[in-house]
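Okay, structure first, notes after.
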Amino acid sequence: MKKFIHDFQIVANRRVNEEYFVLSLSGKQQLPEIKPGQFVQVRVDNGPNTFLRRPISVYNVDYDKNILYLLIQVVGEGTRVLSELKSGEILNLVYPLGNTFSLPDGEKALLIGGGVGVAPLMLLGRWLKEQNKEPVFLFGFRNSGLIVDIDLFNRFGKVYIATDDGSAGEKGVVTQHSFLRKETGDISMVYTCGPEVMMKAVALWAENNDIPCEASLETNMACGIGACLCCAQETVHGISHVCTDGPVFNSKELVW
Amino acid sequence: MVNLSVHIGNLFLKNPVTAASGCFGYGTEYKDFIDLGKLGAVFVKGTTGSKREGNPSPRMVETSSGMLNSVGLQNKGVDYFISDIYPEIQHYNTHIIVNVSGSTIEEYVRVAEKLNDLEKIPAIELNISCPNVKEGGMVFGTHSPSAIKVTTAVRKVYDKTLIVKLSPNVTSISEFARAVEGAGADAVSLINTLLGMAIDAEKQEPVLATVTGGLSGPAIKPVALRMVWEVYNSVKIPVIGIGGIMNATDAIEFMLAGATAVQVGTANFIDPRVTVKVINGIEDYLVNKDVTDVNSLVGALKIVH
């Protein structure tokens with residue numbers, strides 16, 4: 001799949017909640033096909049503390065309007081700078097990078113996300129729906145104030161929520177959600193993205209229930225294109241690299 | 001029309017801009033972004049006698065104006081390079097130079113011997129300066145009798161252009177440059193990464209799994225410039241300048257300090273097209289300065305005071 005480097009113009013910077021925002025980006029060139037799970041490498045600015053590009057999952061793509069959407073959480077200096085961008089400003093991207101998720105054998109698929117890890121599950125849910133599958137979302141957030149765009153996810157499938165403090169949905173972590181104790185017999189695939197501890201618990205649940213599971217990993221990267229070999233991930237086949245062998249891995253292949 | 005071509009020993013480069021080993025994969029990773037044929041040369045990933053998995057994660061951390069890495073020479077070994085990589089990359093319209101590393105002198109020699117037989121590999125770069133492996137690597141580059149031994153041994157089996165990549169983690173880099181020149185090196189390249197570390201104060205732990213790593217990027221450029229200038233004034237063989245080059249001006253500074261050619265490394269991670277921009281920028285500089293030959297920049301630093 002051919003990779004590009006292009007300037008994009010910020011069309012909108014929408015604050016989703018106190019930590020998350022969505023950048024809408026429009027390029028001069030027609031966007032290539034971007035697959036669920038793929039990411040972009042964002043050049044933040046020329047600041048000494050935001051030297052490297054930031055790998056960010058693609059949240060959604062509107063091919064008709066030629067707009068790319070990125071859901072980003074403010075976690076450090078780079079994402080803080082990005083959160084302050086205004087319409088009209090320019091952002092340079094290297095894209096599309098990484099692999100994608102695989103299609104489930106059966107109809108129903110469970111997409112489990114935690115925090116900003118819900119980002120790649122938007123494009124995934126949309127793609128599954130287009131493939132006549134039935135995506136179901138199960139999301140965990142710290143509290144109700146951090147819930148993201150439920151109405152948008154709802155277009156593709158039912159959404160279940162868990163929050164750490166019980167301020168929305170069920171109280172507790174996603175793997176404690178009552179949904180996982182019922183209605184799961186016809187799930188043929190589990191996809192997960194979020195904090196590693198959550199993904200490990202999800203993968204374990206999936207393995208115990210004999211359902212294949214794919215996890216989308218996040219890690220620090222330098223190049224994002226397989227040149228520097230910095231984003232090493234141990235797998236049963238030896239060292240893999242998140243940027244080119246991933247970010248999506250079959251959970252059974254991961255040594256984590 | 002300006003002349004951009006330079007010579008490194010017997011090796012003719014169409015221009016002085018090359019991609020640094022470890023930062024450019026095998027070149028293929030960058031072919032969506034640039035025409036590799038425009039580059040003076042590509043120094044491909046460090047190659048050892050047998051497969052190496054590299055170091056555990058995390059292997060990389062961003063630092064002010066740079067990054068630390070501890071990849072640790074992950075590669076599939078010289079035989080895999082010859083059977084699976086070389087057939088594809090030999091068709092590039094640029095020189096492919098292999099960076100060679102090992103744990104023992106015998107390993108360096110074995111790799112060099114095998115590469116000597118490859119028609120389209122006109123040079124090797126002996127890596128005696130990798131800070132991220134427990135054995136070999138920098139051990140050879142920080143102890144001058146060892147640097148002499150490994151260079152002499154490889155020189156005996158390697159007929160083409162032999163470049164030795166020097167470590168900055170020494171008191172006097174000129175001493176090492178003179179040592180490998182005496183042992184038969186055709187050129188020296190410098191600097192490899194500076195040994196450094198990063199600490200997570202919250203966790204009170206080192207950030208890298210290996211505790212220490214190699215610092216690269218513009219943060220190291222002033223150190224690299226100083227070392228290139230010192231070495232240029234100490235040896236007769238050509239110097240290849242490396243260390244934090246982000247643009248044409250940086251490359252020109254290295255040439256003024258005495259570099260005949262340069263390697264662009266970490267900058268490729270930020271802008272995959274940077275090498276071609278550096279070439280174009282050097283050409284523009286020469287035109288603006290009314291200079292017809294890039295070689296006239298080499299060591300042209302004017303020290304007035």
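Per chain, numbering begins at 1; letters A, B, ... match sequence-line order.
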Out of curiosity, [X] [atom1] to [Y] [atom2], how far, rounded to the nearest 0.5 Å?
X	Y	atom1	atom2	value
R53(A)	I270(B)	CZ	CD1	8.0 Å
M221(A)	F269(B)	CE	CZ	13.0 Å
K3(A)	Y30(B)	NZ	OH	10.5 Å
N55(B)	L229(A)	CG	CG	12.0 Å

Answer yes or no: is there a side-chain heavy-atom contact under 4.5 Å between [X] and [Y]?
X	Y	value
C230(A)	V71(B)	yes
N268(B)	C223(A)	no
I225(A)	D32(B)	no
V61(B)	N220(A)	no

Nearest heavy-atom pair of [X] and [Y]: which atoms, and what distance?
X	Y	result
A227(A)	F24(B)	CB-C, 4.1 Å
M60(B)	A222(A)	CE-N, 3.7 Å
S57(B)	A232(A)	OG-O, 2.6 Å

With a 4.5 angstrom heavy-atom cut-off, could you sort out which part of [X] is near chain A: side chain, backbone, both or neither?
X	result
F33(B)	side chain
T63(B)	backbone
K45(B)	side chain

Taking atom [atom1] as the centre, does [X] end up with more than 12 heavy-atom neighbours from other residues, nucleotides or ligands that are less than 6.0 angstrom away?
X	atom1	answer
K28(A)	NZ	no
K277(B)	NZ	yes
K221(B)	NZ	yes
E218(A)	CD	no
E130(A)	CD	yes

Chain A: which of S65(B), P218(B), P272(B) shares the most heavy-atom pairs with it under 4.5 Å?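 Highest number of heavy-atom pairs under 4.5 Å: S65(B).
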
Could you check whether R54(A) pairs with E62(B) (Lys NZ or Arg NE/NH1/NH2 to Asp/Glu carboxylate O, under 4.0 Å)? yes

Highest number of heavy-atom pairs under 4.5 Å with chain B: which of V94(A), T244(A), L52(A), N92(A)? L52(A)

For T219(A), is it the side chain, the backbone, both, or neither that has a heavy atom closer than 4.5 Å to a heavy atom of chain B? neither

Under 3.5 Å, side chain of E53(B) to main-chain N/O of I239(A), donor-acceptor pair present?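 Confirmed, E53(B) side chain pairs with I239(A) backbone.
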
